[in-house]
Structures are given as C-alpha cells and as structure tokens.
There are 2 protein chains.
Amino acid sequence: MLRRLPADVRRGTTVRRAATIADVAAYAGVSKATVSRFLSGRSDVLSETTWKQIQDAIAALDYRPSQIARSLKGGRTRLIGIVVADVTNPYSVAVLRGAEDECQRAGYMLALCNSGGSHAKEQELLAGLRAYRIEGLILNSAGIAADQVSDALPDGLPIVLLDRKLPPGRFDFVGLNNIAAATEATRHLVGHGFGDIALIAEPITGVSVRTERALGFRQAIAENEGCTGTVIEVDLHQPDAMQQAVARFLATPSSRRKAVIAASGLVTLRTVQAIQSLGLHMPDDVGLVGFDELEWSALVPPGITTIAQPTYDIGVAAVRNLLARLAGHRDEPHSTIFTGTLIERGSSASEAGLRPMAVPAPAQPAAGLV
Amino acid sequence: MLRRLPADVRRGTTVRRAATIADVAAYAGVSKATVSRFLSGRSDVLSETTWKQIQDAIAALDYRPSQIARSLKGGRTRLIGIVVADVTNPYSVAVLRGAEDECQRAGYMLALCNSGGSHAKEQELLAGLRAYRIEGLILNSAGIAADQVSDALPDGLPIVLLDRKLPPGRFDFVGLNNIAAATEATRHLVGHGFGDIALIAEPITGVSVRTERALGFRQAIAENEGCTGTVIEVDLHQPDAMQQAVARFLATPSSRRKAVIAASGLVTLRTVQAIQSLGLHMPDDVGLVGFDELEWSALVPPGITTIAQPTYDIGVAAVRNLLARLAGHRDEPHSTIFTGTLIERGSSASEAGLRPMAVPAPAQPAAGLV
DNA sequence: TTGTACGCGTTATCAA
DNA sequence: TTGATAACGCGTACAA
C-alpha cells in the first residue's frame, strides 16, 4: 500500500518533489476530487473511513496544498500588496503591524514593498504586485499621480491610500486628520506662551499630508491675533539646510517666544539635531512640537512634545477597507480619518513651567536603590 | 480585426476580466506559443511583423502576464520569504532594505512576515510561506528549534538564518561577529577608565546573539585583571525591572567607574530611560555603550557610544546567499560574518574627556545666523 | 518562423 | 458518498 514519493535525482542528491494532491489521492486510494473535498473541510459528505485515510496520507507525504495552484484556479490569491514610501519611517512600520494582524485574521498575506520615495520604483513595484495578482493594494504613495496608479493596475482593484491622498480623490483613504492635528499643535504652543511659530516641513510639492498640516497651522495662527506664523520648507537632502533654516528663523527679531512645529518624524529628528548643533536649549531658546511619537521622544531633554498617531488602528482600518471592497462594497470612495493625540513634554513648556534638565522625580523614589 | 475583451457583468458594473495570453494571441492573430516567445524576448526567432502585432495587441489589451500561472508551470515563484522576530526593531528594517534591493536586482519579490517573537506565529508564518511556494527563506527566528523549522518547510529549501543562529548549525547564517564586537565594547570602556562593567541583556535563554555577546564580554573582562564584570538579564516586559537592575548595579560599592553595555537597541533605550529616571548622568554616574546605532544615539546627551552593524550589507548578503543556493551551490552550511563598528560618543568618555552637555562647537560657527 | 498539444496543482461541475 | 473531467494561464516540447 505504501507508495513512494516521486523523486528525481539532481546533482547526486535525491530531492523529493513536493507531494501533490494526486500523490495524496494515490496514496489514500481515492480520487483527487475526494482529497479536494477533504481540504475544503467537507466532513459532512465524506465517509469516516476515507476521511482518515486521507488524513494519514497527507501526514505520511507531508503534503501542503499549493496556494499557487489554488490561485490559478480560483483567481483568489489571498495576497494584499502594501507599498510604502519609506520603510525606515517608524510610522510605516507601526502601521504595518496593524495591517499584518488584520490580514492574518482574514487569511490574507501581506506583500510589503518599499518605493524609497522614487516614482520610478513605485511604478515597477505596482507592476510587480500586479503580476502576482494581488487582490488589494495599500498605497503610501511616493507622490505618483493618480492616473499613473490607475494605469499601472487593473480596473476594479481595491486600493486604499495610506496617509497621503492623491489629487482626484478617486480612491479610498485612511489617515490622520492633519488639519485638526496641526491646529491643535499650534494652539498648544500659543497656549504655552509661544507667539512666533514656524512649521517646518519637507518640500510640500503637493504632498497632501504636508499641505494639510500647513493649512491647519495657518488657520490656527490666523485665529490668534498676536501671533506670527511661517511655513518653512527644507530639503533634507542638503546637509546644512535644516541648521540654516532654524538659525535664520531664530535670528529674525521678535518680541515673542519662538517655537517650531516639525511636520514629520524625520523633520523632528533633524530639527533637534540643528537645535543641539546651534547650542540652543528647548523650550527657552525655542519650543518644539513634532508630528509622530517616536521611541526617543521622552529621552531627549527636556522631552519632546509630539502628536501621536493611532498607527496600529490605521493599519487595521486600511485592511478592513480593502476587505469590505472585496466583499462587494461598491460605494463612493470612502475616507477613514483618525485623530492625533498631543503628548505634552518639556519642549513646549510655558516659561513658568518645566525647565530643561530639571531633575525628574523618580517614579519610585529610591525603591531600587538597595 | 478588433475583438473585444471578454467582459462579465456583475453588480450592474461591467468589469473587464484581465486579458490572458490567449486574448493577446487572438487579437494579434497568432498562436499562444508565439506570444509566449515574444514574452521571453526571443526577438531572434520572430518575424518583425508578428513582433509588432503582438506588441500592439498587448498594449491594446493592457495585458500583463500572470506570475501565478508562470509559477505553477515552471515551479519558480520568484518569491523569497523573510520572517523577522520584530518589525519595529530598526535593525530588522535596515536589513530589509538591503535584502529588498538585492531581490529586485535578481527579479525576486520579498514577502515580509513578522512573528512578533511568538513561536506559534512563527510556525504559522512558515506554513503560509510554504503554501506560496517561496524559493528561499530568510529567518530571523523567534527562538524556534531547528527541527521545527525543518519540519515546517520542504526539504532542500534554501534557508539563511539572520542574526540569530539555531543550535545544530545546519543552516546558512548571516550576521555579526558578536564576540568580537562585545570584546571591543568592553575594551573600549576599560580603555576609558571604566573598571566595573555590567552587560545588560534580555533573558539569554539560548538566543545566540545574546550568548555570544555575553561570551565576548566575559572574555574581555577576564583579560583585564583589575576589572569586574557582571551579566544582568532583564525581562523588559516587567515595567520596573530595568530601573531596578540599573539601580542595584550602581548601588553595589566599588572603587572603579561603572559602565553598562546594552546588548541590543531595545535594551539601550530602556537603559537610558532608567538612567534618566534615576536622575543620573552619563558618563560620570555611569558609562554606556549600546549595541546597534540608532537615529537618536547622537541626540541624547552626552551622545551614546554605539556599535553599528552594516545592516544594509547584511541584508544583501542574506539574499545573495539564497541566490547562490538557488543557483546550485551545495556546499556545507556557510556563515557570513560581518564586523561591527564602534562609534564613540560622550557616554563612554574618560573622566578627563567630554563632559555631558558641553557646548558643542557648531559645525558652521554662525554661518546661518543671518 | 510558427502552431499544436500537453502539463503544472487545484477546484468545480457533472455523473455515477 | 465518490469519481472522472474540464478548466485556470502559461511555458515548452514537438511538429510543421
């Protein structure tokens, strides 16, 4: 009754070919169709005997169904693509975790690609994902045009934009309420005595996140009579651009306390570097609120005030959106908007408030000290 | 001559089915085989006329070959799996970039999975990747046993272990020379006047990276007569464990300067938190060298001395290793070992050296200041 | 230079 | 309850 697995000899070593459904059928003495029924869990239509035979056969041959063959037959690859502009951005990774969990829950696999901010690479990646017949796409675009996205992908493929919108608004979207977040950051600074504020962002050039954050910032400035606001665009690829920008902003005479809103995690990093290089101190020489909560936000004295995003939930929402489309939802493009949370630390403290490098009260005064 | 694409009507909207090679053949008035030849770029065997006809047909129908069908036929999915224990670890992401680039160069796609440190999830992921018939696997294991890995995957599947070795040494490996790196870190501290050093790591429990770093540490301590060394294991899931461990270490009386070597990026983060919470200052109260260069290493005063890994190259090497196996290499398990680089900053300074929060000489004294 | 026909591993539709 | 057979989209012998 035991039949050996088909084996072919290459390079002197015997390499067993992976067992197929036909092998299992032969081993169990049943037809492929029956095995297929077993795989679909149709225990109601199978006799207990054959059920067990097949079970044994599968175990004996170490058989695993080929998702490739399944995909070809059924057209359902159970693959979801996600293209991010920058994997090294903690935001992307954090979102990924949520997306991944939700995918696994639904039996999908996530194929992650990194465009590195390049349009050309993004195009290639979309073509690649298309070749693998992904069923849906999460796109954190490098700034490609909506038409190019449509052209690169088959009609009707569910797409959800992540964090960055694309102009014509034809796609689903998941991301932050940037206007509200920027407004909150600005009001927070104003409320803590800062009156001359700069929002520093990478070149805005139509990137929706940046546009919106700048807009919310301007609105909040406008509603406060005594305040001045500037939007500064900095090309982070140029080595000293940030330091010069910060220096110039701080050098302009003003009677009010100055502060910076950093429009992204990367900008926050570079802003802090610049501030330190210039030998300045937060919040006295300059206040700071940064978008995105980072693991080191609390570590750099006097602690950096940040706007945290619910990244995990954003990832989950993106996948849910896709799953809904796959389940047949044919509504108009839908946006899922989350709210940011301001986490207050020393970098935006009032003059009377926390001082930089103040000795923090230990959580457990001396509990650990012998 | 124009034949329309097959279309089926669902939910009131006409959704074009993706064009197949047969559609292209029909449109161009040739056989499928001829189109297939076109796709393989065999311009030498095709007449110029048919070449153009096919080109037109493909453009007109917006045809894209199905990688799924190709995979089924040829058994080559051009898919490489990578399972990491923690996507949020900057190390993993940095390695990913190298791996991804090298994959793209070789025409492979990378399927990233995150086990989150869970054995069970790791097993599931391996099963999933197997179902998709990946051609190779990069495994940053959550600590699963080598046998389980072998069992979960088909015989002969090229596997390269990343960062963490698995006991029996049956697999290829790419990672750091941890012993040398730990030795260098220790010697560096000793050379800067520290004589009572603790290596702090997460519970070692057989994780090769931790074992090796502890080993290198002990060796270096042993070669320096006047020095004391302790290995402290801290469970980072317990909220105050780190702070207590640091406090206890610093409380033990000693005539020599004390320092900590943090055995990973995460441990570095937590150690710095603990030091700050205790109101202590580096390097006077305690010195620090941390494994893994992090974006904020230079930002936390007085700057944290780190051991940087060539992460990008490690990623590239992992994929190259796989590609070599796929090309037929049948040698013994091979290890590719990289060397860490110590980046010196204030946290490990000699007593006479840098002081914390010393005003740094600005790179460009006042160039940017109007 | 081109076409015919088969097989890759599944699932689904029939019949039995 | 089970089996034979036809797809799914592509590559590739082999034949023309």
Side-chain angles (χ1 to χ4, degrees), chain A residues 5-6 8 16-54 57-58 61-79 130-135 154, chain B residues 5-6 8 16-54 57-58 61-79 130-135 154:
Chain A
L5 266 179
D8 57 352
R16 285 201 315 249
R17 176 174 69 66
T20 73
I21 201 173
D23 298 325
V24 175
Y27 188 100
V30 299
S31 75
K32 292 194 295 176
T34 304
V35 179
S36 179
R37 281 186 268 263
F38 174 95
L39 295 175
S40 314
R42 311 186 60 82
S43 57
D44 48 327
V45 287
L46 289 187
S47 80
E48 216 168 304
T49 354
T50 51
W51 182 269
K52 291 206 165 137
Q53 283 172 336
I54 295 174
I58 288 179
L61 302 179
D62 189 27
Y63 164 75
R64 309 298 170 101
S66 160
Q67 183 58 41
I68 298 292
R70 285 185 161 163
S71 301
L72 181 59
K73 174 61 185 165
R76 324 229 333 103
T77 57
R78 309 211 73 91
L79 228 40
R130 177 174 189 173
Y132 280 97
R133 298 296 188 261
I134 53 168
E135 294 183 40
Chain B
L5 267 178
D8 57 351
R16 284 198 316 248
R17 178 174 67 67
T20 74
I21 201 173
D23 298 326
V24 176
Y27 188 99
V30 298
S31 75
K32 292 194 296 178
T34 305
V35 178
S36 179
R37 281 186 268 264
F38 174 94
L39 295 174
S40 312
R42 314 185 60 81
S43 56
D44 48 328
V45 286
L46 289 186
S47 80
E48 214 167 305
T49 355
T50 51
W51 182 268
K52 290 208 165 137
Q53 282 171 336
I54 296 173
I58 289 179
L61 301 180
D62 191 27
Y63 165 74
R64 310 297 169 102
S66 161
Q67 184 58 43
I68 298 292
R70 285 184 162 165
S71 301
L72 182 59
K73 175 62 183 163
R76 323 223 341 98
T77 57
R78 311 211 72 94
L79 227 39
R130 179 175 188 174
Y132 281 97
R133 298 294 188 262
I134 52 169
E135 294 183 41

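Values in this document were obtained by computation on a predicted structure and should not be read as measured data. Below, each value reflects all heavy atoms present in this structure, side chains not excepted, and no hydrogens, waters or symmetry copies.
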Expressed as a whole number of angstroms, how long is the span from A:I68:CD1 to C:dG7:C1'? 16 Å
Give the minimum heavy-atom separation between A:L79 and A:Y132, together with the two atoms involved. CD2-O, 3.9 Å
Tell me the interatomic distance from A:R78, atom CZ, to C:dT11, atom C1', rounded to whole angstroms. 14 Å
Under 3.5 Å: donor-acceptor pair, side chain of A:T20, backbone of A:A22: yes
Minimal non-hydrogen separation, B:P65 against B:L39, with atom names: CG-CD2, 4.1 Å
Sub-4.5 Å side-chain heavy-atom contact between B:V35 and B:K32: no
How would nucleotides 8-16 of chain D be written as a contact map, 5' to 3', with B for base contact, S for sugar-phosphate-only contact and - for no contact, using protein heavy atoms under 4.0 Å? BBBBB----
For the residue pair A:T77 and A:Q67, what are the closest heavy atoms and their distance? O-NE2, 3.6 Å
Rounded off to whole Å, could you give me the CD-to-C1' distance for the A:Q53 and D:dT1 pair? 13 Å
Is any side-chain heavy atom of B:Y63 closer than 4.5 Å to a side-chain heavy atom of B:I21? yes
Quick one: B:D44 CG to C:dT2 P, roughly how many Å, whole number? 12 Å
Here the distance between atom C1' of C:dT10 and atom CZ of A:F38, to the nearest Å, is 16 Å
